Amino acid sequence: MVASISEALDIIYKNVTPLTTEIVPVELALGRVMAEDATATFDLPRFDNSAMDGYAVKYNDANTTVVCNEVIYAGDNPTMTLEPKTAIKIMTGAPIPKGCEAIVPIEHVSLEGNLISLSSFELHAHIRRAGEDVKSGTIYLEKGERVTAYSIALLVSQGVTHLTVYRKVKVAVFGTGDELRPHFEKIKPHQLYNSNTPMFLSRASELGCEIRYIPSSGDTIESLERTITSALDADIIITSGGVSVGDKDFTKEAFSNLGMKTYFNKIDIKPGKPTGFGKIGNTTVINLPGNPLASMVNYEIFIRAIIRKMSGVNAFYHGIIETEIKEDFRLRKGKYTVKLGSFDGKSFMPLEAQLPGMVSPMQKADGMIIIPPDVDTLQKGTKVKMLPILWELTSKVEEDLFSC
Ligand code: AMP
Ligand code: MG
């Protein structure tokens, strides 16, 4: 079945589900995805406190002189009550005393011995109220949110020590092709280093997965079946090569011999049409073509979608950046075409040289655009929608990904 780009993504979103969960210490939770809502068990701040270094005062004492004989520091647990015609010196973060109606910053008073001259100020000024940041009982981090340094600040402010998160996605990658050799071996002039496997593994790692490097398979059904079988404990198997119409393109046949259920086996996309997607048992399989740039383009569009959906994150759709073409650009029409390009924060420019078998353009690409079949010219200033590669921009709603 040939799926359109949108159909392929819909099939992925429908058939890939989040993994099981595990408990991790909060210090190790960075980048993980919350599997439960986090609900506040107490107010933040816990108690009314001063937002400034200043004086706790009565509202009616504005524009008078009051006497100050006491100080409250952060960490104190004051028991006194503020009386009219007096002030209590108070530091930022210290609990406000009973009877306090405002804090006047040190910079706003004039001082003579223990006499403080107050000018006018607002009722309740500079008092941080208990619960104004987070109210006890409210959800402060939702199931499906990714844990950032700032979520960790919130979690530990609530005294959370352990979290239930989704387990990391286990990704196994292998290449196929008798010409491939691993990069740590010497090769003959007619041979080729397998660059796809390290590339896909590095990207999966960047996307928060556990990774497993599986040696390349030869171009025989037996070798492929052996390699596939050795990878079946993964959540996702990613392969490259052997999916086209060559005499030794057996990848899909070997997977189907082992019981793979195929959801689509081609996509209406250039480059990367032979990309296929299916499942063997609980293992999700994606078969990419061998050409590095073609496989990378399909990885960024489809595998990123699979990894996100499986990771449990609730914003699993692609986010896009609306930008415009920097200079006139011509392309061949007739297919849904993906162009890698550079983005300078204002405009997008497709890379001049980008052929499916190339390696070097990938490293220069900040993002990509998807262009419908009827377009052969992108004029300077044309509005386009860029899928970022360097940033993990995601959305809770499905965006239209097509430019023009
Ligand atoms: P295939 O899809 O197997 O027909 O391969 C298409 C092209 O991609 C051929 O030129 C292969 O040599 C090349 N290729 C396949 N696999 C890899 C890989 N893992 N790393 C780099 N190039 C590859
Ligand atoms: Mg091949």
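For clarity, every value in this text was computed on a predicted model and none was experimentally measured. Sequential numbering from 1 along the given sequence is applied to the chain's residues. In listed order, ligands and their atoms are each counted from 1. Side-chain atoms are counted along with the backbone in the values below, which use heavy atoms only and exclude waters and symmetry mates.
- For K273 and D268, the salt-bridge test fails: no basic side-chain N is under 4.0 Å from an acidic carboxylate O.
- The existence of a salt bridge linking R146 and E392 is excluded, since no basic side-chain nitrogen approaches an acidic carboxylate oxygen closer than 4.0 Å.
- Side-chain rings of F348 and F343 stay apart, their centers remaining 6.0 Å or farther from each other.
- Ring geometry for F184 against Y213 counts as tilted: the plane angle lies between 30° and 60°, on a 0 to 90° scale.
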Could you pull out all donor-acceptor pairs under 3.5 Å where a side-chain atom in residues 103-125 meets a protein atom, sequence neighbours excluded?
unit_1: N114; atom_1: ND2; unit_2: N69; atom_2: OD1; d: 3.0
unit_1: S117; atom_1: OG; unit_2: T65; atom_2: OG1; d: 3.2
unit_1: H124; atom_1: ND1; unit_2: R129; atom_2: NH2; d: 3.1

Check ligand 1 against the protein and report each N/O to N/O distance under 3.5 Å, formatted as atom name, atom name, distance.
unit_1: ligand 1; atom_1: 2 (O); unit_2: G290; atom_2: N; d: 2.9
unit_1: ligand 1; atom_1: 3 (O); unit_2: G242; atom_2: N; d: 2.8
unit_1: ligand 1; atom_1: 8 (O); unit_2: G290; atom_2: O; d: 3.3
unit_1: ligand 1; atom_1: 8 (O); unit_2: N291; atom_2: N; d: 3.2
unit_1: ligand 1; atom_1: 12 (O); unit_2: E179; atom_2: OE2; d: 2.6
unit_1: ligand 1; atom_1: 14 (N); unit_2: G290; atom_2: O; d: 3.3
unit_1: ligand 1; atom_1: 19 (N); unit_2: N194; atom_2: OD1; d: 2.8
unit_1: ligand 1; atom_1: 19 (N); unit_2: N196; atom_2: ND2; d: 3.4
unit_1: ligand 1; atom_1: 20 (N); unit_2: S195; atom_2: N; d: 3.2
unit_1: ligand 1; atom_1: 20 (N); unit_2: N196; atom_2: N; d: 3.3

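- In this structure, E185 places its CD atom where more than 12 heavy-atom neighbours from other residues, nucleotides or ligands lie under 6.0 Å away.
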